[in-house]
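Per chain, numbering begins at 1; letters A, B, ... match sequence-line order. Hydrogens, waters and symmetry mates play no part in the numbers below; they use all other heavy atoms, side chains included.
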Amino acid sequence: SSPCSLILALAGAQALTPAHYLSLPDVARLQNLLSQQFTGLDSAYYSVVGLSKLGATIPDHEVRRICQFLKSQLDPMSIDSLFFAAETSQAISGCEIPVSNETRDILLAAVSEDSTMTQIHRAVSALSSLGLPLASQEVVGALTGRINKEDNVMAGGGVQGAWHYSTAARLSQQTELGGILEEIEDLTARLDDLGGIYLQFEEGLEATALFVTAAYSLSDHVDMEPPLKEDQVIQLVNSIFSKKSWDSLAEAFSVASAAAALSNNRFHVPVIVSALGPATVSHSQPTLQLLVTDVMSQPLALANVLVESAYSVASKSVILSHASFTLNDGVFELNFMSSRPASGYYQFAVAVTGDTRLVGNHVELKVKVSTEVVVNNMDLSVVDKDQSIGTKTTRVDYPSKGKSSFTADSHQNFAMAFQLVDVNTGVELTPHQTFVKLHNQKTGQEVVFVAEPDSKNLYKFELDIGERKSEFNSISGTYSLHLIVGDATLENPILWNVADVVLKFVDEEAPVAIQPKTLYVPKPEIQHLFREPEKKPPTVVSNTFTALILSPLLLLLILWLKLGANISNFSFTPSTILFHVGHAAMLGLMYVYWTHLNMFQTLKYLAIIGSVTFLAGNRMLAQIAVKRYVP
Amino acid sequence: MSNSVISVISRFLEEYTTTTPNKLKVVDSYLFYILLTGALQFLYCLLVGTFPFNSFLSGFISCVGAFILGVCLRIQINPQNKGDFLSISPERAFADFLFAHTVLHLVVMNFIG
């Protein structure tokens with residue numbers, strides 16, 4: 001809802017203000033939940049006491065029925081039963097629960113450090129509600145003893161604290177309870193801070209709400225302010241009222257109790273400021289209306305609302321300072337238009353005074369001032385590009401349409417000039433949206449341009465027909481010209497058919513009905529083209545050349561024969577044979593390398609064969625050298 | 001003009017056939033063979049195309065490398081150059097020739113594809 005969102009927008013603002021509260025529909029929903037049929041004494045207690053906290057009155061015939069129900073369901077031996085019955089009977093008038101001595105004894109016996117905090121609380125409350133005598137010192141002793149026993153108050157800390165304080169609140173005023181009140185500070189430290197906005201116990205909403213109820217109940221009782229800071233109070237409010245539908249009757253009861261405690265205690269009353277309807281003012285509606293309520297949406301009786309300052313968001317100039325709202329039939333009103341604000345957004349700093357208890361009473365609001373716009377001095381003309389022919393300007397008055405249509409071709413520009421003026425103040429406006437739309441009546445095509453204001457806030461629009469022909473798809477024809485004006489602060493957006501314009505383009509394509517762009521149609525399938533193998537020469541050619549290459553070898557053999565090269569000196573020594581064999585093996589290895597092996601394998605084999613060949617060759621060559629050397 | 005060229009060539013050939021030892025002629029004919037092979041490979045490349053280029057390169061470089069190594073061998077075993085290669089006997093030159101050829105063949109085989 002808009003008041004909520006306004007307040008939510010302030011989550012980052014300096015002073016924390018409540019983000020959640022019980023609106024009237026929320027209160028109604030809560031009441032509805034609490035009005036269901038009773039299933040037992042506990043549900044009767046939650047419903048009746050909860051409704052009374054929300055301020056609902058219970059009709060007489062209902063009272064009698066409830067009283068009957070209480071009496072019939074009561075188990076005088078059970079502390080819980082006695083508690084529920086006693087408390088409920090207190091909430092409705094004229095219902096007396098019969099009490100016997102036994103009942104009193106049972107209740108008194110429960111007030112000891114051996115009972116749980118819940119039991120102590122229930123026993124003490126029952127005793128108090130039933131009008132039985134209570135020894136306050138004994139109770140304090142039992143409470144302190146109980147706290148000391150549970151030195152690990154980890155689980156259920158919030159609820160324990162709640163019962164502790166509620167019990168203390170039932171005791172006589174003479175009892176020294178200030179110490180217990182100070183303990184609230186310790187328990188507050190155990191609350192989880194969520195984002196600086198929420199503060200709640202780990203155990204959840206119910207524990208937090210019960211804690212708040214009990215804290216204020218005790219502080220009211222001893223008339224001392226609870227050790228809760230303003231920001232903490234607001235964060236607690238946010239946590240408790242953020243949930244709008246409740247899981248159980250007990251949870252709903254806790255929320256109702258907290259709402260009652262926060263609206264009506266002596267120290268802290270969180271205030272909710274919200275605008276009635278949208279926070280907009282205009283000439284027709286010049287008053288800004290605010291609702292100022294407590295967390296239960298009940299109007300605050302003694303409140304003064306004033307605007308500390310109101311400044312324009314755009315120009316930052318302060319329009320209002322220290323102006324009071326007047327209370328009119330439960331709603332705070334201020335005639336903002338009397339300050340003659342220009343249209344736009346304004347930031348209001350509102351303060352609620354009149355009660356020292358108020359918490360979160362400095363609120364920031366964003367208020368919109370809207371107005372109506374009118375188009376003045378709309379001049380249309382067709383200008384020749386070379387400016388040789390004088391321009392003929394036609395004035396068209398809003399909202400009528402130009403009588404004759406304008407014709408323009410690629411050698412000309414079509415020009416528009418106009419002013420946008422605030423109806424009420426006569427001030428020139430520059431709205432966010434000023435568009436010129438040309439709509440081809442035959443093909444349905446629309447082309448939209450933006451009109452820009454110059455330094456004097458006079459709007460000018462020029463259409464260069466030749467340059468823009470691609471936008472029009474070069475389709476000649478009659479186009480209806482519309483002016484579109486819009487803005488968040490305008491109450492009357494304008495769609496005005498100014499005139500008809502006939503455009504003539506030079507190279508015209510055949511008028512094609514505009515089809516929606518075929519973006520989502522399957523595209524033609526791409527066939528993968530593998531790399532074409534390079535064109536090889538025909539086998540004949542390569543075979544020919546292979547033979548050709550081998551022919552010089554033949555020539556070599558012939559030449560050697562002619563020269564008389566021979567191997568007559570070949571000596572069959574082992575090293576010679578080994579050398580030749582090794583050498584042949586190396587050449588063979590080369591071939592095998594080409595066909596099968598990789599470099600590493602080849603090198604490995606080469607090393608082996610090579611070293612053998614080398615040694616043998618060395619020997620062989622030495623022998624040859626010796627033979628040659630004849631001293 | 002052409003006369004002198006022809007006479008120079010014929011004189012050269014005559015000198016060559018008479019003064020060059022047989023061993024060198026054997027090496028020369030080997031070199032001539034290598035030259036022819038290389039030239040034919042190049043002709044093929046010009047006529048038919050460079051596909052596959054790596055094979056052409058490998059073959060051509062093999063010819064060039066073999067030619068160079070052959071020239072080196074010829075220089076080293078030429079008796080007229082003995083003064084320049086006192087520590088290198090013809091056998092040693094031949095062994096170097098073989099070793100260098102091993103490396104050349106390794107590279108050529110790697111590249112031939």
Side-chain angles (χ1 to χ4, degrees), chain A residues 533-538 540-542 544-566 579 582-583 586-587 589-595 597-599 602-603 605-607 609-610 613-614 616-629, chain B residues 17 20-53 55-56 58-60 62-63 70 77 79 88-99 101-113:
Chain A
E534 288 206 27
K535 282 193 68 186
K536 283 198 259 199
V540 179
V541 176
S542 22
T544 313
F545 268 92
T546 312
L548 213 59
I549 295 273
L550 291 173
S551 57
L553 190 62
L554 199 66
L555 180 65
L556 178 67
L557 290 171
I558 294 169
L559 276 173
W560 274 354
L561 276 170
K562 270 194 79 185
L563 284 169
N566 53 52
F579 164 78
H583 191 228
M586 274 164 66
L587 293 174
L589 180 68
M590 287 298 130
Y591 175 75
V592 175
Y593 173 37
W594 181 38
T595 48
L597 303 174
N598 62 41
M599 181 63 96
T602 313
L603 285 177
Y605 295 132
L606 193 66
I609 301 172
T613 313
F614 170 74
N618 201 16
R619 199 92 193 283
M620 179 193 80
L621 287 171
Q623 286 168 352
I624 294 174
V626 163
K627 262 203 266 179
R628 193 170 48 81
Y629 177 65
Chain B
T17 43
T20 328
N22 235 14
K23 241 191 216 169
L24 292 183
K25 279 191 192 163
V26 167
V27 178
D28 283 339
S29 45
Y30 166 74
L31 290 176
F32 182 62
Y33 151 72
I34 294 286
L35 185 76
L36 275 183
T37 314
L40 281 172
Q41 284 189 358
F42 193 66
L43 184 71
Y44 170 87
C45 181
L46 283 179
L47 289 179
V48 185
T50 58
F51 180 78
F53 195 55
S55 306
F56 161 70
S58 131
F60 194 68
S62 166
C63 291
I77 64 175
I88 301 176
S89 63
E91 286 75 29
R92 169 71 195 279
F94 184 67
D96 287 342
F97 173 81
L98 284 181
F99 176 71
H101 259 291
T102 311
V103 175
L104 177 68
H105 280 143
L106 210 60
V107 170
V108 161
M109 282 306 172
N110 190 30
F111 205 53
I112 203 163

Pick one of side chain, backbone, both or neither for [X], based on which atoms fall under 4.5 Å of a heavy atom in chain A.
X        : result
B/Leu35  : neither
B/Leu106 : both
B/Phe32  : side chain

Revision key, fill the gap. Given B/Val48, B/Asn22, B/Asn110, the one with more heavy-atom pairs under 4.5 angstrom with chain A than any other is B/Asn110
Revision key, fill the gap. Max heavy-atom pairs within cutoff under 4.5 Å with chain A, candidates B/Leu47, B/Leu36, B/Ile34, goes to B/Leu36
Point to revise | Least distance between heavy atoms, A/Phe579 atom then B/Leu98 atom | key: CZ-CD1, 3.4 Å
Check your understanding: Does atom NZ of B/Lys25 have more than 12 heavy-atom neighbours from other groups under 6.0 Å away?
Key -> yes
Check your understanding: Counting heavy atoms not belonging to B/Phe99, are there more than 12 under 6.0 Å from its CZ?
Key -> no
Review point. Is it the side chain or the backbone of A/Leu606 that comes within 4.5 Å of chain B heavy atoms, both, or neither?
Key: side chain
Could you state the interatomic distance from [atom1] ([X]) to [atom2] ([Y]), rounded to the nearest 0.5 Å?
X        : Y        : atom1 : atom2 : value
B/Tyr44  : A/Thr544 : OH    : OG1   : 10.0 Å
B/Gln41  : A/Phe545 : CD    : CZ    : 11.0 Å
B/Met109 : A/Leu589 : CE    : CG    : 10.0 Å
B/Thr102 : A/Met590 : OG1   : CE    : 7.0 Å

Practice item. Apply ring-ring contact (aromatic ring centres under 6.0 Å, His included) to B/Phe97 and list each qualifying residue two or more places apart in sequence or on a separate chain. Key: B/His101
Side-chain atoms of residues 554-564 of chain A: list all donor-acceptor pairs with protein atoms under 3.5 Å, sequence neighbours left out, distances to 0.1 Å.
residue	atom	partner	partner atom	Å
A/Trp560	NE1	B/Val26	O	3.0
A/Trp560	NE1	B/Ser29	OG	3.0

